[in-house]
Chemist: 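I'd like to ask you about the structure that follows.
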2 protein chains.
Amino acid sequence: MTSDLDLPDDLFLFHPGDAEDARRTLSFRRTPTVLLTFAANRFTRLASREYQARFGIGAMDWRMLVMLAREPGTGVNHAARTIGIDKAAVSRSLRRLADLGLARLDDGSTAARGAWRLTGQGAALHDRILDVALDRQSKLLDGFTRAEVSAFADYLRRFLGNLDDMAADGTTQTNATQRSD
Amino acid sequence: MTSDLDLPDDLFLFHPGDAEDARRTLSFRRTPTVLLTFAANRFTRLASREYQARFGIGAMDWRMLVMLAREPGTGVNHAARTIGIDKAAVSRSLRRLADLGLARLDDGSTAARGAWRLTGQGAALHDRILDVALDRQSKLLDGFTRAEVSAFADYLRRFLGNLDDMAADGTTQTNATQRSD
DNA sequence: GACCTTGTGTTGTCAAGTCAACAGGGACAG
DNA sequence: CTGTCCCTGTTGACTTGACAACACAAGGTC
């Protein structure tokens, strides 16, 4: 609990300089949660548009491709918990991917416990988009040293951990996101 | 352009260990854009739910309260550019806030160029939520030193800057988010 | 003053994701 | 074997934000 000592609220507040009738409120430039939200929204929107235009799938479907590339045989629930979105959205995304011929159910899998994997076509598309995604990311991390990138990722992981703690406090059901590798 | 030298793609890749049929793809733990998206999605969802339950407004409306607290007399377009979301969403949010008696148009402002500000009730609600928001954020930054928080914010700002550059490259219209304070 | 241009705000439509309710299969106790 | 419980996945209703098209006022030019 170092935060109470080291992080006075004042650090994050915007103080109306020449006053008029502005109020004491959040600083946009110094408040991590604000910056985080801005950055993620803009990033997702841009990526979604580009992937849709170039490859015909959205950002959500791309995430599912990665998920299936990483863990063939994944089910809806596991995927939803891993990437932290609703299982309904996952279910619909998988249906889209199946319709496009990019993913399929394992032969032995029932409707109740589906095991999904990429088709050959899906794997090929995944590899193509992966190149683009890495290129985009390298542009977005332009100017970062390797150590800074590591620190950035470390901060985000810790933030996510605290987020899981907070979510676990609020609800009985432990719905915390699973993260591996 | 240090990134090309310092950031080999390999840094971000997940390598299937015991192989089976997993593919080379993005690492979830080490890829900043992935972590960023996860963190922001989960944060917004949790915050939205809590604010809705406790105060009857969503995360979007809360952002507008902050915007109006910071710059009374703001118009739809300026607000949309500042907080980086669509002006249509801003327009509808302002209507909601007006219906709730939390915001109002300046007396002298026309429909075409509206100047919005908080009502007394809106200002009071803003101050109440601000306390909650600061408390939430302090929980989420638990374990961070002051220096780390600064570095975190700095990375996010730089990321956002690169994002704006990328968006500017893609489109003629310079739609970059304005950030002040 | 009439015209054009520009910027602002509103609205219709669509896609995406969440929540809640439900269907259906497995596992397990008796 | 059978009933119960739990877990998984699907679907419908709803909310939110994005995109695009439009209406409209303001300002400048001739």
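Proteins come first, then strands; the chains are lettered A, B, ... in the order of their sequence lines, and each starts at number 1. Note that the structure is predicted; figures quoted are calculated from it, not measured.
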Chemist: Over all heavy atoms of both residues, which pair between Val34(B) and Ser27(B) is shortest? Give the atoms and the distance, please.
Modeler: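 It is CG2-O, 4.5 Å.
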
Chemist: In terms of side-chain geometry, is the basic nitrogen of Arg24(A) or Asp127(B) positioned less than 4.0 Å from the acidic oxygen of its partner?
Modeler: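 No, Arg24(A) and Asp127(B) are not salt-bridged.
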
Chemist: With DNA chain D as reference, determine whether Gly75(A) or Arg45(A) sits nearer its 5' end, using the nearest nucleotide of each.
Modeler: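 Result of the comparison: Gly75(A).
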
Chemist: Check the distance between dT16(D)'s C1' and Met64(B)'s CE and give it to me in whole angstrom.
Modeler: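 Interatomic distance, CE of Met64(B) to C1' of dT16(D): 15 Å.
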
Chemist: For Leu105(A) and dG9(D), what is the distance between atoms CG and C1' respectively, to the nearest whole Å?
Modeler: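 To the nearest whole Å, that distance equals 11 Å.
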
Chemist: Take atom CZ of Arg49(A) and atom P of dG17(D), then tell me their distance rounded to the nearest Å.
Modeler: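 Going from Arg49(A) (CZ) to dG17(D) (P), I get 17 Å.
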
Chemist: Does a side-chain N or O from Asn77(B) land closer than 4.0 Å to OP1 or OP2 of dG9(C), or not?
Modeler: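 Answer is yes, contact under 4.0 Å.
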
Chemist: To the nearest Å, how far apart are Asn41(A) CG and dA16(C) P?
Modeler: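 That distance rounds to 16 Å.
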
Chemist: Mind running a 4.0 Å heavy-atom check of residues 87-98 of chain A against DNA chain C and sending the residues that fall below it, in number order?
Modeler: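 Listed by number, they are Ala88(A), Ala89(A), Arg92(A).
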
Chemist: Quick one: do Asp164(A) and Arg42(B) make a salt bridge, cutoff under 4.0 Å?
Modeler: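 The answer is yes: the pair qualifies as a salt bridge.
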
Chemist: Under 3.5 Å, is there a donor-acceptor pair between the side chain of Thr82(B) and the main chain of His78(B)?
Modeler: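 Here the side-chain-to-backbone pair exists.
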
Chemist: For the pair made of CG in Asp61(A) and P in dA15(C), what is the distance, rounded to whole Å?
Modeler: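 Those two atoms, CG and P, are 13 Å apart.
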
Chemist: Gln52(B) CD to dC19(C) C1': how many Å, rounded?
Modeler: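 Taking atom C1' of dC19(C) as the reference, CD of Gln52(B) is at 13 Å.
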
Chemist: What is the minimum heavy-atom distance between Leu65(A) and His126(A), and which atoms define it?
Modeler: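 Minimum heavy-atom separation between Leu65(A) and His126(A): O-CD2, 3.8 Å.
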
Chemist: Could you give the side-chain donor-acceptor pairs of residues 92-99 of chain A under 3.5 Å, partners two or more places apart or in another chain?
Modeler:
| from | atom 1 | to | atom 2 | distance (Å) |
| --- | --- | --- | --- | --- |
| Ser93(A) | OG | Asp61(A) | OD1 | 2.7 |
| Arg96(A) | NE | Asp61(A) | OD1 | 3.3 |
| Arg96(A) | NE | Asp61(A) | OD2 | 3.1 |
| Arg96(A) | NH2 | Asp61(A) | OD1 | 3.0 |

